[in-house]
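Some notes on the structure that comes next.
All chains are named by letter (A, B, ...) in the order of the sequence lines, taking the proteins before the strands, and each is independently numbered beginning at 1. Here the structure is a predicted model, which means the values were calculated and not measured.
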There are 2 protein chains.
Amino acid sequence: MSDQDIAVLSVATARTRTVPARHDLILEGDVPGPVFVMLEGWACRYKILPEGGRQIMAFLMPGDTCDIQTGSLEVMYHSIKTLTPARIATISPREMHELLENRTPIALALIRTQLVDEATLRAWIVSMGRRDSLARVAHLMCELFIRARNVGLVEDGELELPISQIVIADSLGLTPVHVNRVFRTLRKENAMRVDVGSLVITDPARLAVLAGFDDAYLHRRVIRTVASQ
Amino acid sequence: MSDQDIAVLSVATARTRTVPARHDLILEGDVPGPVFVMLEGWACRYKILPEGGRQIMAFLMPGDTCDIQTGSLEVMYHSIKTLTPARIATISPREMHELLENRTPIALALIRTQLVDEATLRAWIVSMGRRDSLARVAHLMCELFIRARNVGLVEDGELELPISQIVIADSLGLTPVHVNRVFRTLRKENAMRVDVGSLVITDPARLAVLAGFDDAYLHRRVIRTVASQ
DNA sequence: CGACGCGTTGATCAATTTCAATAAACGTGG
DNA sequence: CCACGTTTATTGAAATTGATCAACGCGTCG
């Protein structure tokens with residue numbers, strides 16, 4: 001992207017706002033509005049099923065964008081909720097349209113970030129389909145560690161996730177009680193520390209072994225996204 | 001897209017080739033080459049795990065495109081294999097680059113198809129995480145029915161899938177044995193017929209009920225893709 | 001003809017869920 | 001600052017879904 005593209009992007013994301021934890025940014029059934037760019041904090045995409053269960057489909061951390069839907073899908077098929085207090089930038093549909101129409105490099109960057117997102121979704125499907133609960137949890141921990149490291153969230157080789165075990169359960173298709181038992185194992189392996197409302201990854205290498213983690217899928221992935229430019 | 005855009009696309013996809021069933025179009029670890037566009041036949045994205053299990057992450061049918069990776073991801077994290085004899089068009093990386101750089105409407109169309117693909121991947125995650133085996137199979141049947149109908153593959157209200165139960169099992173994270181038992185139920189419900197190497201969806205409405213199918217997620221989805229233009 | 005892949009069924013096994021109960025941490029209003 | 005309601009973590013025991021193991025029939029293809 002040219003300096004000018006970056007400048008335009010900076011202007012578009014200049015308007016930020018803060019939202020509290022557990023706040024829905026958009027709900028299933030809503031017509032997609034502005035594009036959100038996470039600047040601080042964590043959020044997730046999720047869907048509530050008729051029987052009451054919740055399935056989380058993605059975690060959003062700083063640098064991630066949500067809802068490029070603009071003009072494409074009529075309504076949201078899932079909701080997005082903050083997991084922590086967050087600061088987000090919003091780009092109006094009009095601005096977004098203008099950006100995509102007249103700034104080819106930005107459109108191409110968006111295509112690349114979508115490819116990365118798709119790769120992540122596919123990796124989740126592999127985990128949910130063919131990995132047992134231990135490998136599943138460990139694999140997710142690895143993914144989050146690497147993504148977080150790419151945006152500078154890892155300190156002293158450790159990552160603190162401001163996330164409850166319930167959230168992990170809802171993202172892996174497991175039960176909170178079972179996730180708890182898995183974390184007990186991971187703790188015994190000295191791979192993690194577990195506190196209320198917070199998980200600390202202390203030994204990602206150990207986790208990678210337990211997960212059978214193919215670091216190729218994220219290690220070499222495109223690090224910079226539209227938002228982090 | 002303008003007439004000219006469509007003309008350029010037609011030229012780019014004019015060169016077609018046929019491949020037999022069970023033929024790998026690209027393997028995990030390969031450097032992405034040309035973009036494939038399915039014109040006839042079925043294929044799937046899949047990954048083989050160290051322990052030998054296979055997980056299918058997507059079904060590709062006429063109109064779908066594979067591997068826009070060009071210039072973005074260094075290597076493939078999964079493979080793509082034909083399930084039936086197929087005819088495909090290929091667009092060279094050079095052509096693709098040219099298309100994306102100079103044909104904004106085409107790039108925007110690509111963004112939209114990626115959004116649809118992402119929505120499908122998320123729906124799979126929901127199924128794998130929170131639906132039992134019966135709803136899972138039924139939901140997949142609904143998805144395939146609607147996608148196939150959108151590209152004119154449904155005849156007399158029925159869809160014949162040239163797919164084995166093993167393939168279904170590998171896409172849903174189930175066992176072939178168990179999938180077989182589920183199909184027995186679906187057959188009893190008169191929702192499907194089952195032959196060797198072929199599944200026939202006869203009553204999609206019944207399937208939708210069994211699946212708790214939220215037809216919003218695909219019903220209103222963007223039907224036309226880059227390829228079907 | 002024979003090997004192989006696929007569908008089918010039965011019997012048993014095991015991973016994960018469900019149910020239940022307790023305790024610790026947190027936020028809120030008084 | 002405390003009481004109380006709520007959320008989360010934790011553990012045990014029982015129940016269940018789906019996996020695993022095993023066997024057989026059948027059609028296809030070389």
Check your understanding: How close or far is atom P of C:dT17 from atom CZ of A:Arg181, stated in whole angstroms?
Key -> 10 Å

Point to revise | B:Arg187 side-chain N/O to C:dT8 phosphate OP1/OP2 under 4.0 Å | key: yes

Exercise for review: Round to the nearest Å and state the distance from A:Asn180 atom CG to C:dA24 atom P.
Suggested key: 15 Å

Point to revise | Span of DNA chain D, from the first to the last nucleotide whose atoms fall under 4.0 Å of chain A heavy atoms | key: D:dT7 to D:dA13

Practice item. Report yes or no: does A:Thr202 contribute a side-chain atom to a donor-acceptor pair with the main-chain N or O of A:Ala191 at less than 3.5 Å? Key: yes

Practice item. Please work out if A:Arg136 contacts a base, only the sugar-phosphate, or nothing of the nucleic acid, heavy-atom cut-off 4.0 Å. Key: nothing

**Study point:** Pairs meeting criterion salt bridge (Lys or Arg N to Asp or Glu O under 4.0 Å) with involvement of residues 153-162 of chain A, two or more places apart
**Key:** A:Glu158-A:Arg193

Review point. Which part of the nucleic acid does B:Gly173 contact within heavy-atom distance under 4.0 Å: base, sugar-phosphate only, or nothing?
Key: sugar-phosphate

**Study point:** Toward the 5' end of DNA chain D, by each residue's nearest nucleotide, A:Leu199 or B:Ser133
**Key:** A:Leu199

**Study point:** For B:Val196, all residues meeting side-chain contact (heavy atoms from CB on, under 4.5 Å), sequence neighbours excluded
**Key:** none

Check your understanding: Under a 4.0 Å heavy-atom cut-off, which of residues 158-172 of chain B touch DNA chain C?
Key -> B:Ser164, B:Gln165, B:Ile166

**Study point:** Angle by which the axis turns from one end of the helix from C:dC1-D:dG30 to C:dG30-D:dC1 to the other, five pairs per end, to 10 degrees
**Key:** 50°

Review point. Quick one: side-chain contact (heavy atoms from CB on, under 4.5 Å) partners of B:Asp132, sequence neighbours excluded?
Key: B:Leu134, B:Ala135

Practice item. Describe the nucleic acid contact of B:Thr175 in one word from base, sugar-phosphate, nothing, applying a heavy-atom distance below 4.0 Å. Key: base

Check your understanding: Hey, does B:Arg184 reach any base, or is it just sugar-phosphate, or nothing, if we go heavy atoms under 4.0 Å?
Key -> sugar-phosphate

